[in-house]
Amino acid sequence: MRFAHVSDLHLVAAESAAKVARPRAQFVAEAIAKDLAGIAESLDFVVVSGDLTDRAEPAAFMAFEDMFARIGLPLAVVPGNHDGPGEMRAYGASSEVFSNWDITNRVVEIGGVRFLGLDTCIQGAIEGAISHSGLELLEQEVARKTSSRLAVVMHHPPLVLGLAQFDSFCQLGERQRFLDIAANAEEQVIVISGHVHRPYFAQQGNIACFVAGSMAAPYDAALPFGDVPIRPMPLQDFYYVHHIDCAGRHVVTPQRVRALLEDSTTS
Ligand SMILES: [Fe+2]
């Protein structure tokens, strides 16, 4: 099965667009959705790991729904810290399509992969926490005797980047408990995250953590970070495509969004 992973779109309502620091968000989200629609026949699923919106406005959730419904594929979303999460739940209550996409605290199985969505957000806070019920669900899925793979979708990554400036806003309550439970899994546990606006892959034991960047709000500091000589350059005009086959092979490749490439070379 193949699925695409996108994160941190930070959409705003049209009337707020001029007031926010991310004026390209609308254009970028539309470009991503169009690109996904273009390869939809090669995909089974699209995962968006939170921060669908910047200010949790109902009109921004509606804009997300309009754009991503046009892809014509099943979606799985979880909230990010910018989505409330109370406001996202409230929007879901008004939209059947959106509430079907929201996999918070439930499991959706598709093509031999069980996607478990966790809400890691604390209303009004940038840092996150995993709830008791989320940990119980994880425990249940880790113990389940099945041949399907487990993929946990959560906004805050449980494995941090190791660069102080990023890690400082990536605090996650019950992180260690999460890692301890996942370590009991017989097979590798896939984690799909966002939040830090920089793409990376991290592995610890049997946990493989894939973090998508943000095409709407990439980090673009040209200078090294503190005493760590790693430059967080943008390089964020792509989303990830994951391919997991029946032999268990898991290939992850970036898919460049053509409209963003053309935009960056002409402006
Ligand atoms: Fe974000």
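Note that the structure is predicted; figures quoted are calculated from it, not measured. Counting starts at 1 for both ligands and their atoms, following the listed order. For reference, positions follow the sequence shown, starting with 1. In what follows, every heavy atom counts, from backbone to side chain, and hydrogens, waters and symmetry copies are set aside.
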> For the Fe ion (ligand 1), does an N/O/S atom of His197 lie at less than 2.8 Å?
Replying inline: yes

> In His10, what N, O or S atom is nearest to the Fe ion (ligand 1), if we give its atom name?
Replying inline: NE2

> Can you check whether Ala182's main-chain N or O pairs, donor with acceptor, with Asn206's side chain at less than 3.5 Å?
Replying inline: yes

>> My understanding is that a hydrophobic cluster links ILVMFWY residues whose side chain heavy atoms are under 4.5 Å apart, including indirect links. Using that, what else belongs to the cluster containing Leu135?
In response: Val107, Leu116, Leu118, Ile130, Leu137, Leu138, Val142, Leu150, Val152, Met154, Leu159, Leu172, Phe178, Leu179, Ile181, Val189, Val191, Ile207

> Is a side-chain donor or acceptor of Thr120 paired with a backbone partner of His156 at a separation under 3.5 angstrom?
Replying inline: yes

> Tell me, which N, O or S atom in Asp51 is closest to the Fe ion (ligand 1)?
Replying inline: OD2

> Quick one: does Arg106's side chain have a donor or acceptor within less than 3.5 Å of a partner on Asp102's backbone?
Replying inline: yes

> Asp8: which N/O/S atom is nearest the Fe ion (ligand 1)?
Replying inline: OD2

